[in-house]
*Asks:* 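First the structure, which I've put down as structure tokens, then a few questions once you've had a look.
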Amino acid sequence: MLSAALCGVVTVVVSFGGVLAQQLPVSIPVSAPSSAVTLNPALYSFSIEQDRWTDWAGTTSPNSFFFNTLDNLKQRTGQAPWIRIGADSEDRTNFNSKVQFSESVFPAFSPTTPYPEASNNVVGDGYYQVISHLPAGTHVIWGVNFGTNNITAAFLAAKSIQKAFQSSAVKSAGITLDFIEIGNEADIYLFNGDRNASTWTIAAYTQQWTTFAKNISAALGMGPNSHLKFLGGAFGGSGHSANSFSPQGMFATGILNSPQGKLITSISQHHYSGTFCQGSGGLLQDLMTKSTIRGNLSDFSPDIAATRAQGLDYVFAETNSYSCHGAPGVSNTAGAALWSLDYVLFASQIGISQVYFHQGVGYKYNMIQPATLTRSILDGSTLATPLAPHLQPAYYSGLIANEAIGTSGTTRAVELNINDSRVAGYAFFEGNKLKRAILINSLSFLTTTSGPRPTKNIVLNFSGTGTTPKTMTIKRLAINHADDDHGLTWGGQSFETKDARPTGKLSVQTVAVNSGFTLSATEAVLLSFS
Ligand SMILES: *[C@@H]1O[C@H](CO)[C@@H](O)[C@H](O)[C@H]1NC(C)=O
Ligand SMILES: *[C@@H]1O[C@H](CO)[C@@H](O)[C@H](O)[C@H]1NC(C)=O
Ligand SMILES: *[C@@H]1O[C@H](CO)[C@@H](O)[C@H](O)[C@H]1NC(C)=O
Ligand SMILES: *[C@@H]1O[C@H](CO)[C@@H](O)[C@H](O)[C@H]1NC(C)=O
Ligand SMILES: *[C@@H]1O[C@H](CO)[C@@H](O)[C@H](O)[C@H]1NC(C)=O
Ligand SMILES: *[C@@H]1O[C@H](CO)[C@@H](O)[C@H](O)[C@H]1NC(C)=O
């Protein structure tokens, strides 16, 4: 049917059943280039808002829906997603041994913020103990309160965290505490009232952080040989310079010089692509666009270089699409699945080891809604029928990324150099050998788009030395429209079920590698080579 021959690197437009399909050559190395980056099997991880943590984990029994969502991801890499429990409400948490799990006070909700963070969150031992409900092998980061500048609050929380992780329930569940984070986005204390704006500098931060770290490291028995370390930074933005809230500023003010500072082994940055409280199709396309994804992440390249130069790891331990808990009709849609897939994979290429997608009960940008909702996440209106725990479209990106990473533990990846502003791609290697590739067409095809759905005819061109694969399977993320908020399938299977386990028959195509294939606007595919 496709008669046009591939002429060198020239893009050819052919007529295919009346629809214009553009021929796009994609060159894939058959053996790993030296630039290939080793992927952390928990590249795709989650940050959970601290106030409603027990809704996620479950109190007297595990929340099996949440467990299954994590377990699906674990099955694909052999490693459960890492979990950070923190964010805004971390700086509003205090400890009271008389509280069993947690007692929170929430401000009034609004159409823009249907599920606000707690203004006050008082927790007891049970709150930390329910970490035992997560899949075996889960690694945890817990944030303690620095915002209210009450060292007793942080100390008591740290002691309760220690008690939980030393309990037989948590130990036998194989769950480990890897990092303590002191304060959430201390750079914003400047304008949220937690510190005096005229004196809150990066130097003041380093001094106060060190005071807290002295106390907490003593309380938790942390030292050069302990597994438990500090996650540094966790700033909301970055000034990228020595006198700003940034990794560069932390290092310039000598944070790493104290014995406590030497317990920082990883730097965390938070990032959202923007703040929008109202969505639109244009905004959804902006989010998905290849160049804006690269722009948002590459902004941090100087910080990553400065961090790596200190021999430290660098992660995004809180991120998602748009702040305001997501833009309605954008963050909660299928387009966000393609955004998060390209975002997490591109992040890996520039030295970000892990990306923790932030989640809160009822937030628009969630991958997972772990609890029954009675209000609309879009405008706070009362729902006619409560919504049971469910997955949102962006969850599918975790399945795809993790299938591409696989279970080798040492998979490496490179971004493919594709001459197309809408098509991004990555190749995955085990040992030196090409195993898989992901291609993403991020042109948004909306319910309001008129005309036929644009497609690209992908023609693979293998390069480098090594055996060229003969056949491949094509597994598709099927999306009707970029602005759909449900109804996706991955290899023919839906995960939008009561228990988050897949339903339907797995369906992939097996074809010769030289046969080419179509990639529609708003579609992603995983190619597995043999
Ligand atoms: C195939 O890849 C080789 C090596 O990367 C390149 O020189 C050549 O132009 C490519 N051909 C096409 C059709 O893209
Ligand atoms: C840490 O702070 C707590 C509460 O204020 C205090 O009881 C404890 O002695 C402090 N520990 C250290 C090592 O300063
Ligand atoms: C600091 O936290 C402790 C422990 O919960 C609490 O007793 C105390 O009242 C707090 N201090 C202030 C000033 O809020
Ligand atoms: C902030 O600090 C400045 C300078 O020390 C002082 O004049 C001002 O009163 C402080 N503001 C508050 C709200 O404490
Ligand atoms: C980040 O992404 C948003 C769209 O989501 C875009 O508007 C913005 O320009 C991007 N920022 C950079 C620095 O590329
Ligand atoms: C990239 O694609 C454009 C058309 O979209 C074409 O004009 C150009 O020659 C291509 N560049 C390369 C290096 O293939």
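Just follow the structure's listing: the first ligand is 1, and inside any ligand the first atom is 1.
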*Asks:* Cut-off 3.5 Å, side chains only: do Gln392 and Asp485 have a donor facing an acceptor?
*Replies:* no

*Asks:* In the protein, what heavy atom is nearest to atom 11 (N) of ligand 4, and what distance, to one decimal place, separates them?
*Replies:* Asn196 ND2, 2.8 Å

*Asks:* Which protein non-hydrogen atom lies closest to atom 4 (C) of ligand 4, naming both residue and atom, and how far is it?
*Replies:* Ser198 OG, 3.7 Å

*Asks:* Does the ring of Phe346 carry Arg294 above it, NZ/CZ under 6.0 angstrom from centre and within 45° of its axis?
*Replies:* yes

*Asks:* Using a 3.5 Å cut-off on N or O atoms only, is Ser291 in polar contact with ligand 5?
*Replies:* no

*Asks:* Under 6.0 Å between ring centres, would you say that holds for His270 and Phe235?
*Replies:* no

*Asks:* Can you label the angle between the Trp82 ring and the His139 ring as parallel, tilted or perpendicular, going by 30° and 60°?
*Replies:* parallel

*Asks:* Just which atoms of ligand 5 are under 4.0 Å from any heavy atom in Leu287?
*Replies:* 5 (O)

*Asks:* So Glu185 and Phe245, do their side chains get closer than 4.5 Å, heavy atoms only?
*Replies:* no

*Asks:* Without hydrogens or angle criteria, can the side chains of Thr253 and Thr206 be said to hold a donor-acceptor pair below 3.5 Å?
*Replies:* yes

*Asks:* Looking only at non-hydrogen atoms, which of Leu297, Thr292, Leu283 approaches atom 6 (C) of ligand 5 most closely?
*Replies:* Thr292

*Asks:* Can you pull out the closest protein heavy atom to atom 9 (O) of ligand 2? Residue, atom name and distance to 0.1 Å, please.
*Replies:* Asn215 ND2, 4.8 Å

*Asks:* Which residue and non-hydrogen atom of the protein lie closest to atom 13 (C) of ligand 2, and at what distance in Å?
*Replies:* Ala218 CB, 3.8 Å

*Asks:* With heavy atoms of Ser273 as the reference, note each atom of ligand 5 found under 4.0 Å away.
*Replies:* 1 (C), 2 (O), 3 (C), 5 (O)

*Asks:* State the atoms of ligand 5, each with its element, that fall below the 4.0 Å cut-off from a heavy-atom position in Tyr322.
*Replies:* 4 (C), 5 (O)

*Asks:* For atom 7 (O) of ligand 2, find the nearest protein heavy atom and state the residue, atom name and distance (0.1 Å precision).
*Replies:* Phe155 CE2, 4.3 Å

*Asks:* Under the ring-ring contact (aromatic ring centres under 6.0 Å, His included) rule, what do Tyr322 and Tyr272 come out as? Steps first, then yes or no, please.
*Replies:* CA-CA 5 Å; Tyr322 293 117; Tyr272 293 86; 9.2 Å; no

*Asks:* Take the angle between the ring planes of Phe445 and His481 and call it parallel below 30°, perpendicular above 60°, tilted in between.
*Replies:* parallel

*Asks:* Going by distance only, is there an N or O of Thr152 that falls short of 3.5 Å from an N or O of ligand 2?
*Replies:* yes

*Asks:* Between Glu403 and Trp490, do the side chains contain an N or O donor and an N or O acceptor separated by less than 3.5 Å?
*Replies:* yes

*Asks:* Would atom 2 (O) of ligand 5 count as contacted, meaning some protein heavy atom under 4.0 Å?
*Replies:* yes

*Asks:* Specify the protein heavy atom at minimum distance from atom 10 (C) of ligand 5: its residue, its atom name, and the distance to 0.1 Å.
*Replies:* Asn296 ND2, 2.6 Å

*Asks:* What is the nearest protein non-hydrogen atom to atom 5 (O) of ligand 4, stated with its residue, atom name and distance?
*Replies:* Thr199 CG2, 4.2 Å

